[in-house]
Number of protein chains: 2
Amino acid sequence: MALEHAILVSLLEKPGSGYELARRFERSIGYFWTATHQQIYRVLKRMEGDGWIDVREVPQQGRPDKKEYSVAALGRTVLSRWLHEPIEPESVRHDLAVKIRGAAFDDPVALIGEVERHQRAHADRLTHYLAGQLRDFTGPDAPTAQDAGQELQHAVLRGGIAYERMMLAWLDDVLATLHGLRPEH
Amino acid sequence: MALEHAILVSLLEKPGSGYELARRFERSIGYFWTATHQQIYRVLKRMEGDGWIDVREVPQQGRPDKKEYSVAALGRTVLSRWLHEPIEPESVRHDLAVKIRGAAFDDPVALIGEVERHQRAHADRLTHYLAGQLRDFTGPDAPTAQDAGQELQHAVLRGGIAYERMMLAWLDDVLATLHGLRPEH
DNA sequence: ACTAACATGTAAGCGGTTACATGATTTC
DNA sequence: GAAATCATGTAACCGCTTACATGTTAGT
């Protein structure tokens with residue numbers, strides 16, 4: 001499990017509330033890890049109880065008060081230990097691949113629309129990533145000298161971009177295969 | 001959830017026992033979906049209770065008897081319905097990406113070995129996929145005329161190959177980034 | 001008036017992992 | 001004699017999803 005670790009990394013990059021973390025998990029951190037706000041609040045409470053993170057009540061005007069979390073010394077230790085222990089390459093789960101193989105026993109042509117839908121979703125994500133890259137790393141407003149943190153964030157983002165490009169190309173391949181199928185007789 | 005559907009597809013491709021399914025989930029089906037034998041046995045029992053699949057006790061010599069499952073009419077209906085309903089593009093979870101971003105707050109150089117380990121794992125998988133492709137689809141012993149099922153299986157396998165190649169290239173990129181980091185002073 | 005954004009939670013359920021358990025046969 | 005393969009399960013746990021719940025402020 002790496003949700004705690006993802007939260008630790010995100011809080012090290014910038015302290016914030018559960019709500020803010022949930023928003024980050026829809027954006028940058030969410031490129032490679034997802035979590036709902038319910039899950040985040042629960043884990044934050046446990047992490048606080050275990051002394052991994054500190055809380056600070058922040059009164060706000062015009063908005064509900066929030067709890068700002070930051071990484072405690074113990075949290076840094078936990079993260080460091082995790083970084084130094086090997087993890088297994090994660091197992092993949094592609095619903096769409098199951099569908100594609102299943103299509104052989106149904107109507108393959110009916111799957112074309114679904115594949116195109118997925119392709120649009122991946123194209124949207126790619127556009128989103130590329131905009132982020134331009135804004136934060138390669139654009140005119142990006143910081144000229146980048147520290148290790150930014151270099152590594154950029155490397156992860158390049159991974160997301162490579163993934164989406166790969167998916168788009170593969171889904172093209174799948175569509176060509178679906179179109180090329182001739183009904184048996 | 002798609003484990004039931006993955007099992008239906010696999011049983012349509014070829015009926016088999018829970019044990020055999022578990023083995024397939026380590027090979028071909030496992031390219032895009034994983035499941036342990038415990039999970040498979042439990043789901044098979046439920047699917048049988050719901051009338052999605054049929055069982056046949058097969059006595060064997062020199063081996064324990066096995067239960068051979070095959071897809072029932074209801075199972076085909078369930079699969080067909082699922083194939084026709086849209087699913088959301090799955091959310092990604094990459095532990096390694098969390099580690100890479102986390103490395104900025106620890107020792108980035110210490111991560112090099114871990115990244116290389118993952119790269120070897122992906123290289124192994126790629127080799128495995130390519131061997132499977134040669135054996136089943138593009139080699140001299142592969143069937144010349146391929147039906148829809150084989151065409152689609154091949155398309156999924158090409159996806160696995162594209163994924164592993166993408167990962168290898170990206171991990172090269174990550175390694176170059178890690179090596180390029182100069183300690184601040 | 002309504003919607004969106006801000007902010008934090010509880011409760012039920014379930015899919016999946018990990019550990020434990022058994023027993024035969026084949027191969028080294 | 002030990003290990004690997006074949007074959008099927010139970011039990012405990014837990015991470016995560018889905019649904020439900022509440023309340024404020026800002027903008028249209």
Side-chain angles (χ1 to χ4, degrees), chain A residues 1-8 15-27 29-30 32-50 52-53 55-69 82 87-95 98, chain B residues 1-8 15-27 29-30 32-50 52-53 55-69 82 87-95 98:
Chain A
M1 222 273 292
L3 176 56
E4 286 109 333
H5 306 111
I7 288 177
L8 285 174
S17 67
Y19 185 84
E20 282 162 356
L21 281 171
R23 299 224 55 205
R24 289 184 211 170
F25 274 83
E26 289 167 7
R27 306 188 327 102
I29 292 277
F32 49 82
W33 201 271
T34 52
T36 58
H37 78 271
Q38 293 92 331
Q39 180 72 359
I40 290 168
Y41 282 122
R42 186 136 36 91
V43 173
L44 279 174
K45 198 154 272 184
R46 192 179 69 226
M47 290 169 77
E48 191 209 330
D50 292 344
W52 296 13
I53 52 179
V55 205
R56 197 168 61 93
E57 293 269 349
V58 179
Q60 295 188 121
Q61 289 145 337
R63 290 181 185 183
D65 296 352
K66 67 174 179 179
K67 299 178 183 172
E68 193 182 75
Y69 292 95
W82 179 70
I87 49 170
E88 287 309 301
E90 61 282 338
S91 46
V92 199
R93 295 207 169 169
H94 285 297
D95 299 69
V98 179
Chain B
M1 222 274 292
L3 176 56
E4 286 108 335
H5 305 111
I7 288 176
L8 286 174
S17 67
Y19 185 85
E20 283 161 358
L21 282 171
R23 299 224 55 204
R24 289 184 212 170
F25 273 83
E26 290 167 5
R27 306 187 329 101
I29 292 277
F32 50 82
W33 200 270
T34 53
T36 58
H37 78 271
Q38 293 93 330
Q39 180 74 358
I40 289 168
Y41 282 122
R42 185 138 35 93
V43 172
L44 279 174
K45 199 153 272 183
R46 192 180 69 227
M47 290 170 77
E48 191 209 330
D50 293 343
W52 295 12
I53 53 179
V55 206
R56 197 168 60 94
E57 293 269 350
V58 179
Q60 296 188 122
Q61 291 146 335
R63 291 180 184 183
D65 297 352
K66 65 173 181 179
K67 298 177 183 172
E68 195 183 73
Y69 293 94
W82 178 69
I87 49 171
E88 287 309 301
E90 60 282 337
S91 47
V92 199
R93 295 205 169 170
H94 285 296
D95 299 69
V98 179

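Every chain is numbered from 1, with letters handed out A, B, ... down the list of sequences.
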What is the distance, rounded to the nearest whole Å, between atom CD1 of A/Ile40 and atom P of C/dT8?
-> 11 Å
Could you state the atom-to-atom distance from CD of B/Glu88 to C1' of D/dT17 in whole Å?
-> 14 Å
B/S/- contact track for nucleotides 2-14 of chain D, protein heavy atom under 4.0 Å | ---SBBBBB----
Between C1' of D/dA19 and CD of A/Gln39, the distance in whole Å = 15 Å
Can A/Glu48 and A/Lys67 be said to form a salt bridge (Lys or Arg N to Asp or Glu O under 4.0 Å), step by step?
-> CA-CA 11 Å; A/Glu48 191 209 330; A/Lys67 299 178 183 172; over 6 Å; no
To the nearest 0.5 Å, tell me how far B/His37 NE2 sits from B/Arg42 CZ.
-> 11.0 Å
Take the protein atom CG of B/Asp95 and the nucleotide atom C1' of D/dG15, then report the distance between them rounded to whole Å.
-> 13 Å
A/Trp33 and A/Phe25 have their tightest heavy-atom pair at O-CD2, 3.5 Å
Whole angstrom is fine here: how far is it from CG in A/Leu44 over to C1' in C/dT10?
-> 16 Å
Of all heavy-atom pairs linking A/Gln60 and A/Asp65, the shortest is N-OD1, 3.1 Å
Who passes salt bridge (Lys or Arg N to Asp or Glu O under 4.0 Å) against B/Arg93, sequence neighbours left out?
-> none
Supply the atom-to-atom distance A/Leu21 CG to A/Ile40 CD1, rounded to the nearest 0.5 angstrom.
-> 6.0 Å
Take atom CD of A/Glu90 and atom C1' of C/dT17, then tell me their distance rounded to the nearest Å.
-> 17 Å
